[in-house]
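Within every chain, numbering begins at 1; the chains are lettered A, B, ... in the order of the sequence lines, protein sequences first and strands thereafter.
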Amino acid sequence: MDQYDHKKLEEKWQKIWEEKQLYKTDDNSSNPKFYALVEFPYPSGDGLHVGHPRPYIGMDIIARKKRLEGFNVLYPIGWDAFGLPTENYAIKTGISPAEVTKNNTDNFRRQIKLLGTSFDWSREINTTDPKYYKWTQWIFLQLYKHGLGYKAKAIINWCPKDKTGLANEEVINGKCERCGTAVEKREKEQWILAITKYAERLDKDLDTVDYSPQIKLQQKNWIGRSEGAEIKFNIEGEEASIIVFTSRPETIYGATYLVLSPEHFFVEEFLKRETIENKDKVNSYLQKSKATTEIERTSLSKEKTGVELKGIKAINPATKERIPVFVADYVLPHYGTGAIMAVPAHDERDGQFAKKYTLPTKEVIDGSKLINSENFSGHSIQEVKEELVDLVGGKMKTTYKLRDWIFSRQRYWGEPIPIIHCAKCGTVPVPEKDLPVELPEVENYHPTDSGESPLAVISEWVNITCPKCGGEAKRETDTMPNWAGSSWYFLRYIDPENTNALADPEKLKKWMPVDWYNGGMEHTTLHLLYSRFWNKFLFDIGVSPVNEPYQKRTSHGFILAPDGEKMSKSRGNVINPDDVVNTFGADTFRLYEMFMGPFDQAVKWSTDGILGPRRFVEKIWKQFEKVNTKTTDKETKSLLEKTIKKVGEDIESMHFNTAVSTLMILGNQFDKVSEINQLDFERFLIILAPFCPHLSEELWEKCGHSTSIFAEKWPAHNPQLITEEESNIVIQINGKMRGLVKMSADSEQEAVFLAAKGLPEMAKWLGKTEPKKIIYVPGRLLNIVI
RNA sequence: GCCCGAGUGGCGGAACUGGUAUACGCGCACGACUUAAAAUCGUGUCUCGCAAGGGAUGUGGGUUCGAUUCCCACCUCGGGCACCA
């Protein structure tokens, strides 16, 4: 047998697969469909590092197994290519982002192909392709037309020196990443998408999908549904009133003051009035809070700060008491109504604040009963909650932490928002026939001095005639955030060339929903939620055939550099898969990435660790010499059946690391025997094939087959050969293992006890004393308590 | 700070629904082969103890006949916190 030559072998099979279009998905197949999806990468200039392939390989194993099980599998890939790093690179070098993207995607494609993944490359998509973003823009227009896209003022990070808006990521310790100037907050008109209108469904419909529990929980917490009440507090001697939201309206008798967020519109109102006695102090507090981040503001450990609006008092509608009104930044503007009634006795933050400013504290709850609450005292919370809210003229209300989605970016490298501003007609959507609104060439990719996107200075692009009245008009120059293109890409894979619709409705019906979507833990809230939102909207307008886009969602962990740090070019600790594949081969690489640790947890790359999988691959290669027509011995045969069962189950549950170790145990057993029956070996090759497709194809061919191993059927295991007549029953004394008896698994307790007594090593334990208690777990364990 | 995870040999990790802790792999040690080395193969490898036996799954408690697994408190690390992708 010739030497195992991974290069020769992997090139050979990758070429054959491509020529035969083995992984091209047939829309017309009558087999049951299976849509496997991984998050498409952002093609950075650094190229692929060994962390990228982990999900691709994991899903590839699942996709290959599903094909072997007779499914018609769709397993596509593409590029999520709009975004900051490419734009920043363009600003630095002057090379156009489109060109940079082209180079990067070419490199990524080459690298991914080296891994022997079974992507259907004929469906490759790119979010920066006008043919693609035409439909991203089209979706935006539908959102706009349905009242889900609106313009409003929102706060952005602003660098006063660079005169440009900054992403949070570009703000380092409150300073501009580029020039170190202190970053300010600025209000700016922005396009916003009303995702909160979908909050209830996004929350409730989680019950209908198969996401891992921690993913569901994190989504739920992010959406943050909270049932409470809105209650109006009148301002003494004025028409004005403040509406607060509280999740605990039953504590209203304990509300001893009100707090407004610094951004609350009433704060500005009140400051205009002569009644406020401490305007300077309030104003300086407002200034200070502008410089504080939200994380600092909401921190429980941070000392609460605030300032009273001196000169006004609110009236507690339950007690009719006059209570002070404060401005404090621990109250956030976008949650509830941006104003709260403070109940220091029963809320930790209110309590801290009240202590600091020596405000009265009044207990109104004792266990589950109300106290000090006039007629309501003595009643349980549940009983009187709604009645109480009624009495004070409030109304029950469900609120969400989820906020609307700020959709504008003042950047170049994103989808132009397809809107036209006409002096006469106002905001006019670009007519659908004029889509896509293509990104024009610009000389300078840097935002303008006024903070507009670089598109704003291209007058021949900006100035346009109004499609409604034909008068002078201007294009919207904001672009979309990177999230836009990735919020619907799973639909486009289904019909990537379609020019009449984002995808053919029949095809969508055939393929949706995605059966299994794997992605990074870091996308659990934003991307996952945004894409669920877009799909729900598209479902509502009859475009997507399903209410939920992803039937199942799992996540993978990072691969860290050997030093335990995140891999990055700047740290200089990047491991390039090209080198690893070159030295060890794609099959070994795949095996190692799956073997190195639990798929959903972060794990460090080890350059030595890959030797184990490589030795395994060579071992299997050599074992082909033992293959003949003789019968495989009983022990090996039984282990093979167990392995088939376990590997199948482990793939389904993404326990790839234990699947590989199970394959290794069988490989070790094959080493011990001198003969392996060919049919048995072939069944082994099929379950190995998803992990090591090249090696398996080659050995399959050597077994005399002329068709691909992936045209075979996933083998069924024979359960009868797995069950052993005898099993080891553990004998414990006081919960510690002291012996072992080999007996039939359905033995009775008495029989096992007798057998245990017969063991020589038991004499010293069981000597004369009578056991106090005996616990028997049938077929597994006998615990004797003495 | 808040939300979601994780912590087991020298290292990566395994242990099904509470039932033999350390599977599999790396490394290391010794041996075989070799003039030698590499590769390969074999044996051993949590720890204390001559042994009987004891101790170990981040720390401290608890529940249980029995806890890596369940509960409480704490420590450390990773992810997210809405304009990174």
Side-chain angles (χ1 to χ4, degrees), chain A residues 39 41-42 44 80 82-85 154 156-157 165-171 190 195 212-222 224 293-302 334 401-411 481-483 486 520-527 529-530 555 557-558 560 564 566 592 595-598 600-613 615-616 618-619 622 646 649 655 657-658 660-665 667-668 671 728-740 764 771-775 777 780-786:
Chain A
E39 285 167 349
Y42 178 81
S44 76
D80 185 17
F82 275 130
L84 266 189
I156 63 162
N157 299 310
L166 297 175
N168 287 344
E169 197 192 44
E170 298 172 294
V171 181
Q190 308 267 28
I195 188 173
S212 71
Q214 70 266 33
I215 295 178
K216 268 195 196 181
L217 200 54
Q218 226 175 323
Q219 285 246 328
K220 283 222 178 238
N221 291 343
W222 184 263
T293 68
E294 210 159 282
I295 290 175
E296 289 166 349
R297 283 172 64 163
T298 52
S299 171
L300 260 176
S301 63
K302 184 206 146 208
H334 35 62
K401 281 212 182 80
L402 183 67
R403 317 209 287 253
D404 274 348
W405 175 7
I406 298 174
F407 200 67
S408 280
R409 301 292 183 271
Q410 290 73 45
R411 298 279 181 169
N482 169 272
W483 308 104
S486 60
M521 217 38 184
E522 70 277 19
H523 293 293
T524 302
T525 43
L526 296 181
H527 160 67
L529 206 64
Y530 290 150
S555 45
F558 280 111
L560 304 169
K566 240 186 213 176
Y592 177 58
F595 181 61
M596 55 197 302
D600 60 356
Q601 276 166 45
V603 62
K604 275 187 275 187
W605 182 269
S606 154
T607 307
D608 290 330
I610 198 169
L611 288 171
R615 285 174 191 147
F616 170 76
E618 286 184 29
K619 184 185 281 186
K622 283 186 205 134
K646 173 115 171 91
E649 290 167 354
H655 292 136
N657 54 335
T658 49
V660 175
S661 91
T662 305
L663 289 166
M664 285 173 166
I665 291 168
N668 291 344
D671 249 9
N728 285 325
I729 297 176
V730 171
I731 309 300
Q732 292 185 336
I733 304 291
N734 292 342
K736 272 189 187 291
M737 187 215 170
R738 297 296 180 194
L740 210 56
K764 63 173 170 270
K772 264 200 228 152
K773 195 173 173 183
I774 297 175
I775 290 108
V777 183
R780 305 191 68 162
L781 172 143
L782 186 83
N783 186 16
I784 304 166
V785 186
I786 53 172

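Residue-to-nucleotide contacts include a donor-acceptor pair under 3.5 Å from the side chain of Asn783(A) to the base of C65(B). If you check distances only, the side chain of Gln218(A) never reaches the base of G5(B) with a donor-acceptor pair under 3.5 Å.
Of the candidate nucleotides G27(B), C83(B), C24(B), G27(B) has the atom lying nearest to any side-chain atom of Arg615(A). Closest approach to the Arg409(A) side chain among G12(B), C83(B), C26(B) is made by C83(B) (side chain taken as heavy atoms from C-beta onward). Out of C16(B), G80(B), C83(B), the shortest distance to the side chain of Tyr530(A) is found at C83(B). Proximity note for Ala167(A) (side chain, C-beta onward) versus U20(B), G13(B), C84(B): the nearest is C84(B). When distances run from any side-chain atom of Leu217(A) to the nucleotides A14(B), G12(B), C4(B), the shortest one goes to C4(B).
To the nearest whole angstrom, the two C1' atoms, one in C70(B) and one in G19(B), are 14 Å apart. Spacing between U8(B) and U69(B) at atom C1', rounded to whole Å, works out to 12 Å. When the C1' atom is compared between G18(B) and G66(B), the two are found 8 Å apart, to the nearest whole Å. Between C75(B) and A14(B), the two P atoms lie 27 Å apart (nearest whole Å). When the C1' atom is compared between C84(B) and C74(B), the two are found 34 Å apart, to the nearest whole Å. A38(B) sits 23 Å from G44(B) when the C1' atoms are compared, rounded to a whole Å. Across the C1' atoms, C16(B) and G9(B) are found 23 Å apart, a figure rounded to whole Å. C46(B) and A37(B) have their C1' atoms separated by 33 Å, with the value rounded to a whole Å.
Where Met521(A) and Met664(A) meet RNA chain B, the nucleotide closest to each residue was compared, and Met664(A) sits on the side nearer the 5' end.
Ser606(A) comes within 4.0 angstrom of no nucleic acid atom, judged by non-hydrogen atoms across all strands. Contacts of Leu402(A) with the nucleic acid, taken as non-hydrogen atoms under 4.0 Å apart, include base atoms. At the heavy-atom level, Lys772(A) lies nowhere under 4.0 Å from the strands shown. Residue contacts shown for Phe595(A) include a base, since a base heavy atom lies under 4.0 Å away. Heavy atoms of Val777(A) sit under 4.0 angstrom from at least one base atom. When heavy atoms are screened at a 4.0 angstrom cut-off, Pro598(A) is found touching the sugar-phosphate backbone but no base atom. If you check every strand for non-hydrogen atoms under 4.0 Å, Gln601(A) touches sugar and phosphate atoms only. Contacts of Ile775(A) with the nucleic acid, taken as non-hydrogen atoms under 4.0 Å apart, include base atoms. Residue Leu611(A) is classed as a sugar-phosphate contact, given heavy-atom separations below 4.0 Å to backbone atoms only. Within 4.0 Å of Asn668(A), counting heavy atoms only, lie sugar-phosphate atoms of the nucleic acid but no base atom. Residue-level contact check: Gln219(A) touches neither bases nor backbone, having no heavy atom under 4.0 Å from any strand. Here Glu170(A) lies out of heavy-atom contact (under 4.0 Å) with every strand. Residue Phe616(A) is out of contact with every strand shown, counting any heavy-atom pair closer than 4.0 Å. Residue Thr658(A) is in sugar-phosphate contact alone, with no base atom involved, counting any heavy-atom pair closer than 4.0 Å across all strands shown.
Base pairing of C30(B) is made with G42(B), judged by Watson-Crick or G-U wobble geometry with both donor-acceptor distances under 3.5 Å. Within the shown strands, nothing qualifies as a pairing partner of G49(B) under the Watson-Crick or G-U definition with both distances less than 3.5 Å. With a 3.5 Å ceiling on both atom-pair distances, U68(B) lacks any Watson-Crick or G-U wobble partner. Both distances falling under 3.5 Å, in either a Watson-Crick or a G-U wobble arrangement, place A6(B) opposite U76(B). Pair check for A15(B) finds none; no Watson-Crick or G-U wobble contact set falls under 3.5 Å.
Ile215(A) places its CD1 atom 12 Å from the C1' atom of G79(B), with the value rounded to the nearest Å. What separates CG of Asp600(A) from C1' of G78(B) is a distance of 13 Å, to the nearest Å. The distance from atom CZ of Phe558(A) to atom P of G78(B) is 12 Å, rounded to the nearest whole Å. Rounded to a whole Å, the NE2 atom of His523(A) is 6 Å from the C1' atom of A85(B). To the nearest angstrom, P of G13(B) lies 18 Å from CD1 of Ile665(A). If you measure from atom NZ of Lys773(A) to atom C1' of U64(B), you get 9 Å, rounded to the nearest angstrom. Between the NZ atom of Lys604(A) and the P atom of C77(B) there is a distance of 14 Å, given to the nearest Å. Across the protein-nucleic acid pair, Lys216(A) atom NZ and C4(B) atom P stand 16 Å apart, rounded to whole Å.
Within the 4.0 Å cut-off from OP1 or OP2 of A21(B), not a single side-chain nitrogen or oxygen of Lys736(A) is found. Applying the 4.0 Å criterion to OP1 and OP2 of C83(B), one finds that Arg411(A) has every side-chain N and O outside that range. Between C4(B) and Asn221(A), a contact under 4.0 Å exists linking OP1 or OP2 to a side-chain N or O. The side chain of Asn482(A) places no N or O atom within less than 4.0 Å of a non-bridging phosphate oxygen (OP1 or OP2) of C83(B). Within the structure, a side-chain polar atom (N or O) of Lys566(A) is placed less than 4.0 Å from OP1 or OP2 of G79(B). In this model, the phosphate group of G25(B) is not approached by any side-chain N or O of Asn657(A) to a distance below 4.0 Å at OP1 or OP2.
With Asp404(A) contributing its side chain and Ile195(A) its backbone, the two residues share a donor-acceptor pair below 3.5 Å. Using modelled atom types, no side-chain atom of Gln190(A) and backbone atom of Phe407(A) make a donor-acceptor pair closer than 3.5 Å. In this structure, Glu39(A) contributes its side chain and Gly520(A) its backbone to a donor-acceptor pair below 3.5 Å.
No hydrogens or angles considered: nothing links the side chains of Asn783(A) and Lys773(A) as a donor-acceptor pair under 3.5 Å.
Applying the 90° criterion around 0 to the glycosidic angle, G79(B) comes out anti.
The heavy-atom pair separating Pro85(A) from Tyr42(A) by the smallest distance is CD-OH, 3.4 Å.
Distance check, rounded to the nearest 0.5 Å: CH2 of Trp605(A) to CE of Met596(A) gives 5.5 Å.
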